[in-house]
K.L.:
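Structure below; questions to follow.
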Number of protein chains: 2
Amino acid sequence: MMRKVADSTVRRLSLYLRFLEEFEGQGVATVSSGALASRGSTTSAQVRKDLSFFGSFGKRGLGYPVLELADRLREILGLRQRYRVGMIGAGKIGSALVQYRGFRQRGFDIVAIFDNDPAKIGRQWNGLTIQDIALLESELARHPLDMAVLVTPAEPAQGVTDRLVRLGVKAILNFAPVQLVVPDDVVVKTVNLALELETLSYALANR
Amino acid sequence: MMRKVADSTVRRLSLYLRFLEEFEGQGVATVSSGALASRGSTTSAQVRKDLSFFGSFGKRGLGYPVLELADRLREILGLRQRYRVGMIGAGKIGSALVQYRGFRQRGFDIVAIFDNDPAKIGRQWNGLTIQDIALLESELARHPLDMAVLVTPAEPAQGVTDRLVRLGVKAILNFAPVQLVVPDDVVVKTVNLALELETLSYALANR
DNA sequence: GTTTGTGAAACGATTCACAGCT
DNA sequence: AGCTGTGAATCGTTTCACAAAC
């Protein structure tokens with residue numbers, strides 16, 4: 001398949017898909033690169049370049065067919081299927097994410113929650129029982145996961161990651177403030193919330 | 001002050017600061033660019049280049065003095081002061097963030113919570129009373145904010161942003177899945193959680 | 001006339017490599 | 001000898017600009 005597409009390009013493709021879905025809802029049939037660009041904050045050339053990595057979907061003089069392009073973007077982004085996602089950690093952020101509608105809407109189903117806190121194990125969240133992390137191996141053997149969302153404290157994060165990797169999980173969304181080490185065939189995306197605030201304080205301090 | 005430092009550079013500076021604080025805790029007095037680099041996943045040249053934007057703090061043949069460099073990074077990142085942060089929206093993610101220790105630890109104090117849901121207004125979260133968003137203007141007039149964390153649904157996000165901007169808020173961390181429009185002197189950092197998962201599904205689909 | 005698709009140019013970030021301090 | 005600081009080289013991304021398609 002396609003190789004060497006920049007992360008920034010992939011992120012923009014996700015945004016284009018959202019805009020296309022809005023246009024779809026409004027019954028618009030075709031859309032120009034300029035129209036897509038103005039909805040995001042980019043340029044028409046950027047939109048065309050991004051799309052051209054994957055083929056040519058547009059009609060010159062006309063623009064892009066909304067339905068077809070949306071469908072093709074779903075395929076490119078791997079959104080034609082649903083994903084089984086496990087939540088590792090049942091703290092505050094885990095709780096919020098389990099209930100977050102945006103995940104299910106986009107095809108990501110949270111199907112299991114794990115924690116090591118006896119006070120939490122056995123509780124129900126959104127219809128799911130919080131399971132003992134000690135049962136991770138036996139549980140995933142029967143019900144494999146496509147992805148894991150890691151919302152543990154920093155210390156256990158690498159250890160749990162190693163177990164997930166051994167169990168065949170190939171994608172991890174990491175909220176623990178650590179740099180996880182994984183093999184080449186496993187993708188990790190780290191979100192560090194305090195760090196985002198620090199980019200804001202940097203901007204405030206340097207004006 | 002300094003201008004034109006890439007966002008990626010600022011993010012690495014935040015990471016270096018964390019590593020320096022760990023070294024500080026271990027009583028290490030000086031650290032080389034190579035040591036800092038291996039803790040993050042970067043190169044010694046990158047570390048030196050990043051730091052060189054702001055001056056030269058190292059001693060050739062020796063490395064960087066841990067305490068001094070950490071302090072200088074705090075100054076650069078605007079972390080010598082604490083920030084008054086308002087949480088706009090008292091939903092699931094707002095709840096998690098209000099209780100998230102990482103913010104306070106790094107100097108970001110959540111001092112007010114606003115929502116428009118009568119069922120939530122008046123409740124206490126972490127010692128703070130959820131206030132009616134209708135009172136945003138009167139409240140901020142008396143108790144100004146340095147930053148806002150926006151955790152509303154997509155629809156009201158731009159409207160609330162306009163009000164925050166009018167009230168002098170210069171930095172917004174946005175979790176609503178929309179592209180906010182703000183004047184040049186206001187900084188916005190958007191975190192789109194569903195989009196992060198989509199970069200993972202892209203990676204899984206294209207291997 | 002409008003808009004795509006795409007090489008070429010411009011820009012920006014990272015890596016190299018080495019002179020200069022300690 | 002070890003490590004920084006930094007210009008120069010490299011690599012990657014974005015923007016330009018225009019021929020080709022409709």
Side-chain angles (χ1 to χ4, degrees), chain A residues 2-16 19-20 23 28-73 76 179 199 202-203 206, chain B residues 2-16 19-20 23 28-73 76 179 199 202-203 206:
Chain A
M2 227 80 238
R3 206 49 18 85
K4 272 285 70 179
V5 174
D7 188 63
S8 51
T9 300
V10 176
R11 301 176 76 86
R12 282 192 302 268
L13 292 179
S14 285
L15 291 174
Y16 303 157
F19 304 150
L20 286 167
F23 286 124
V28 178
T30 59
V31 76
S32 68
S33 57
L36 275 177
S38 66
R39 282 295 275 94
S41 305
T42 181
T43 65
S44 61
Q46 180 78 78
V47 172
R48 295 197 300 277
K49 194 52 110 190
D50 287 342
L51 297 176
S52 75
F53 281 113
F54 300 94
S56 72
F57 320 113
K59 288 222 186 322
R60 295 169 194 231
L62 252 179
Y64 300 87
V66 171
L67 282 160
E68 272 176 58
L69 182 57
D71 202 53
R72 187 75 179 88
L73 284 180
I76 291 165
Q179 178 77 33
T199 67
Y202 171 82
N206 299 273
Chain B
M2 228 80 238
R3 205 52 16 83
K4 274 284 73 180
V5 174
D7 189 61
S8 51
T9 300
V10 176
R11 301 176 77 86
R12 283 192 301 269
L13 293 180
S14 285
L15 291 175
Y16 302 157
F19 303 150
L20 286 168
F23 285 123
V28 178
T30 59
V31 76
S32 68
S33 56
L36 275 177
S38 65
R39 281 295 275 97
S41 305
T42 181
T43 64
S44 60
Q46 181 77 79
V47 172
R48 294 197 301 275
K49 195 49 115 196
D50 287 342
L51 296 177
S52 76
F53 281 114
F54 300 94
S56 71
F57 319 114
K59 288 220 185 326
R60 293 170 194 228
L62 252 178
Y64 300 88
V66 171
L67 281 159
E68 271 177 59
L69 182 57
D71 201 55
R72 187 75 179 89
L73 284 180
I76 291 165
Q179 177 77 33
T199 67
Y202 170 83
N206 299 271

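What you see is a predicted model; the values in this text were computed from it and never measured.
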K.L.:
Between R11(B) (CZ) and dT14(C) (P), how many Å, whole number?
P.N.:
12 Å
K.L.:
What's the separation between atom CG in N206(A) and atom NZ in K4(B), rounded to the nearest 0.5 Å?
P.N.:
13.5 Å
K.L.:
Using atom CG of L51(B) as one end and atom P of dT14(C) as the other, report the distance to the nearest whole Å.
P.N.:
14 Å
K.L.:
Going by heavy atoms in the side chains, are V31(A) and Y16(A) under 4.5 Å from each other?
P.N.:
no
K.L.:
Can you measure from CG (D71(B)) to CG (L20(B)) and round to the nearest 0.5 angstrom?
P.N.:
11.0 Å
K.L.:
Checking side-chain contact (heavy atoms from CB on, under 4.5 Å) for the pair L73(B)/L51(B): CA distance, chi angles, key distance, verdict?
P.N.:
CA-CA 9 Å; L73(B) 284 180; L51(B) 296 177; 4.1 Å; yes
K.L.:
For D50(B) and V10(B), run side-chain contact (heavy atoms from CB on, under 4.5 Å): C-alpha distance rounded to whole Å, both residues' side-chain angles, the deciding distance at 0.1 Å, then the answer.
P.N.:
CA-CA 8 Å; D50(B) 287 342; V10(B) 176; over 6 Å; no
K.L.:
Measure CZ/F53(B) against P/dT6(D) and give the value in whole Å, please.
P.N.:
11 Å
K.L.:
Does anything in residues 28-46 of chain A reach DNA chain C, meaning a heavy atom under 4.0 Å, and if so which residues?
P.N.:
S32(A), S33(A)
K.L.:
Could you give the NZ-to-C1' distance, from K49(A) to dG12(D), as a whole number of Å?
P.N.:
12 Å
K.L.:
Give me the distances for all protein-to-nucleotides 20-22 of chain D N/O pairs that come in under 3.5 Å?
P.N.:
{"unit_1": "dA20(D)", "atom_1": "N3", "unit_2": "R60(A)", "atom_2": "NH1", "d": "2.9"}
{"unit_1": "dC22(D)", "atom_1": "O4'", "unit_2": "R60(A)", "atom_2": "O", "d": "3.4"}

K.L.:
Let me confirm one number: the CG-OH distance from D7(B) to Y202(A), rounded to the nearest 0.5 Å.
P.N.:
10.0 Å
K.L.:
Write down the distance between CZ (R48(A)) and C1' (dC16(D)), rounded to a whole number of angstrom.
P.N.:
10 Å
K.L.:
To the nearest angstrom, how far is L69(B) atom CG from dT4(D) atom P?
P.N.:
11 Å
K.L.:
side-chain contact (heavy atoms from CB on, under 4.5 Å) between L36(A) and L15(A): does it pass, once the steps are laid out?
P.N.:
CA-CA 9 Å; L36(A) 275 177; L15(A) 291 174; over 6 Å; no
K.L.:
Return whichever of S52(B) or S8(A) has its heavy-atom-nearest nucleotide of DNA chain D closer to the 5' end.
P.N.:
S52(B)
K.L.:
Indicate whether OP1 or OP2 belonging to dG5(C) is found under 4.0 Å from a side-chain N or O atom of Y64(A).
P.N.:
yes
K.L.:
Could you check how far CZ of F57(B) sits from C1' of dT22(C), rounded to whole Å?
P.N.:
19 Å
K.L.:
In residues 52-65 of chain B, what donor-acceptor pairs under 3.5 Å come from side-chain atoms, sequence neighbours left out?
P.N.:
{"unit_1": "S52(B)", "atom_1": "OG", "unit_2": "K49(B)", "atom_2": "O", "d": "2.8"}

K.L.:
How long is the gap from CZ on R72(A) to CG on L13(A), to the nearest 0.5 Å?
P.N.:
10.5 Å
